[in-house]
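Just below is one structure, and these are the notes that go with it.
In this text the structure is predicted, and so the values were computed from the model without any measurement. Convention: sequence-line order gives letters A, B, ...; per-chain numbering from 1.
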Amino acid sequence: MKLSTKLTLFITGSKLVIVLLFVCALPFLVKHIASEYTNYTLLQQQKKVLNIISKNGADYYFDGDETYGSYTMLKEEFIALLPVRDDLKMDTIKDSQRLIESDTLNYRVLSVTFKDHNKNYLLEIGKTTTSINQYDKPLQRFALYVLITLIALTILIDLTFIRILIRPLAKIINSRLINRKFPFKDKQQSVDTSTTDFIYLDESLILLMNQINEAFHKEREFTSNASHELMTPISILQNKMENLLAEENLDESTSVAVVEMMKTVDRLKNITKSLLLISRIENEQFIRREEVSPLLMFNEIIEEISHRLEEKQIKISLSISADVILEGVNKDLLFQLFFNLVHNAIKFNRHEGQIEIKDRRLNDGSYEITIADTGIGIPEADLPYIFNRFKKANLEGNVGFGLGLAIVKSIALYHQIQIDVQSKINESTEFKITFSPTAKSSYREELLSVPNV
Amino acid sequence: MKVLIVEDEKTLAYEIKAFLKKSFYLCDVAHTFRTGLEQLELNQYDFILIDLSLPDGDGLEILKRAKKSNPDAAYIIITARTNLKDRVSGLDLGADDYLAKPFYLLELQSRMQAIARRKFNITDDLLPIGEFNIDLQKRLVIHDQQKIELSRKEFDLLSYLLLHKNRVLTRVQLSEHIWGTFVKDDYDSNYIDAHIKNIRKKLNVWADTEWLETVRGVGYRIKK
């Protein structure tokens, strides 16, 4: 799940929980507030009445009568004043029933005794409980609406802010990790953000990539330098042997020994040259501007290698369209790539085996060449490693130096050609080489002019 | 013919000199940029072999200056530097050929022969061998005016052997000549044998090919 989604979900969730708690508590809260407020108004009214009595005397209310009582028209409130026994003392607020004009109603009643002119009086002020609770429902509803609006508003603000906040992360991921081709050659520009965590992440990634680059660069430099340095001693050895072989008074066995030594030096030379070739490809020292017809190229390869086909009596079938031209390629490198693959198809084939070379156009506009053999196959566990240098998956017969496929891989990478391998042990191996229409090296179809008959 | 070898690797210079001496070239050796230039001031040469990486200067600079003092000489660059830029600028500056180290001395010699033929206008490219004639220019093998079809590699092999006649050429020397800079992943000894077998088969139809000898354990030789 995306970080922004997670954050949003979390924030929304936590807010909902709080709202839910609040909504549950709301009726009690409203009730409590209403009853507290009623008590407060009752006390205020009591204060007012007592104030008047202390100023004007209780007779101001009695007006000659024994008792005083008054209520509002709907009997929502009442007030009563009456003389009581001297020893009665009261100061309470509680819910109780009162009978007013044959109606028994529930009231919140404040009862208080006080003295005026040495007489004891009882003052009662009441308010119907229904009138206390009459605002509960609308109040609750109103509070709920306000709450929901507020929450929606804050979630919206949160979402926008989270998005802005997290944007640099997406930028870091996009510019550093996705769509990056190794080696990372283009200059790194730090992502613009004020969040220190992102700055730290970005800087760490740049640092890491630079380290990888440096290590890769060093490795390439080493391969290149080492192969170069080896060339001179190999030269000397090779030429010394050549001179030795040209000596006139050399006996046969010495000649044979010198030739064997020459073969070994030749092998050393080929390994070194292979490594140098790979490092030169990786350093992009080849021009990719040539055009080549795959059909002509395969014909040339088959001619070069025909003695090996004859030797193993391998049947080769070639069906490559004559109208396809590969462009933006290095001819020599491409020749080397296909040669190595065909060479392997022969080398690891069985006696009287078959090789099938064919092409097709894929739906996405790619052009694919397949080289399939009926050979000993590659164990599945070895498949991921066959392009590694000095990796020899098949150890039967003449396995070579283990650089053939490494060269193939580096040429393919350099041309942005895709290579896939499928293999069934003791049955077949199939290499698929795909030229994408958008890659550096692509292809086109030549419309062949049809001669007039 | 006089040859100047400008090569800082003493042993290598010595081997080149020893090899060329056998083919009656007169060789001077310079191990540094400075001595190379000195030699060029003092003498006129037919061939100048220049290593590009010298301890005290760039071989290309020697080439540039030598072109003035020795305008008629043939220049061959010998170097471990294999990048295209050096190669192109070397050839641009007027080098006649470019050999990447390590090379076989045999290859060096045949390049020199080829340059000599070109420079000194030797057009007589019809070489007789046995009952056959080989036309190096048109790349043909002729028997009694009958053209014999050889594949490209077969012709290369035959003409190479012929240019170095009476010398045993090993399979690695031959395959290096045929493949050039192409990188092989394994040593394929049958490769040369298969081609020689084919050459013999094709020529034997017309006349015998006793002159093409197999030297057991070593290689092949054209004897004349």
Where on [X] is there a heavy atom nearer than 4.5 Å to chain B: the side chain, the backbone, both, or neither?
X: A:L230; answer: neither
X: A:L245; answer: side chain
X: A:E260; answer: neither
X: A:E248; answer: neither
X: A:I236; answer: both

In Å and rounded to the nearest 0.5 Å, what is the [atom1] to [atom2] distance from [X] to [Y]?
X: A:N243; Y: B:K22; atom1: CG; atom2: NZ; value: 5.0 Å
X: A:M261; Y: B:T170; atom1: CE; atom2: OG1; value: 12.5 Å
X: A:L244; Y: B:E15; atom1: CG; atom2: CD; value: 9.0 Å
X: A:S306; Y: B:N198; atom1: OG; atom2: CG; value: 7.5 Å
X: A:Q238; Y: B:Q173; atom1: CD; atom2: CD; value: 8.0 Å
X: B:K17; Y: A:N239; atom1: NZ; atom2: CG; value: 15.5 Å

So which heavy atom on [X] is nearest to which on [Y], and how close?
X: A:K269; Y: B:Y104; value: NZ-CE1, 3.5 Å
X: B:P102; Y: A:S235; value: CA-OG, 3.1 Å
X: B:L105; Y: A:E242; value: N-OE1, 2.5 Å
X: B:V218; Y: A:S255; value: CG2-CB, 3.7 Å

Answer yes or no: does atom [atom1] of [X] have more than 12 heavy-atom neighbours from other residues, nucleotides or ligands under 6.0 Å?
X: B:Y14; atom1: OH; value: no
X: B:R34; atom1: CZ; value: no
X: A:Q313; atom1: CD; value: yes
X: B:K223; atom1: NZ; value: no
X: A:E229; atom1: CD; value: no
X: A:F390; atom1: CZ; value: yes
X: A:K331; atom1: NZ; value: no

Picking from A:L237, A:V256, A:I271, which has the most non-hydrogen pairs under 4.5 angstrom with chain B? A:V256

Between B:K101 and A:I234, is any pair of side-chain heavy atoms under 4.5 Å apart?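 In short, these two side chains do not touch, never coming nearer than 4.5 Å.
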
Is any side-chain heavy atom of A:D266 less than 4.5 Å from a side-chain heavy atom of B:E176?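 Side chain of A:D266 against side chain of B:E176, heavy atoms only: contact under 4.5 Å found.
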
Need one label for B:L108: side chain, backbone, both or neither, based on atoms under 4.5 Å from any heavy atom in chain A.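 Interface part for B:L108: neither.
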
Please flag which part of B:K197 lies under 4.5 Å from any non-hydrogen atom of chain A: side chain, backbone, both or neither. neither

I'd like to know if A:E252 and B:R216 make a salt bridge, using a cut-off of under 4.0 Å between side-chain N and carboxylate O. yes

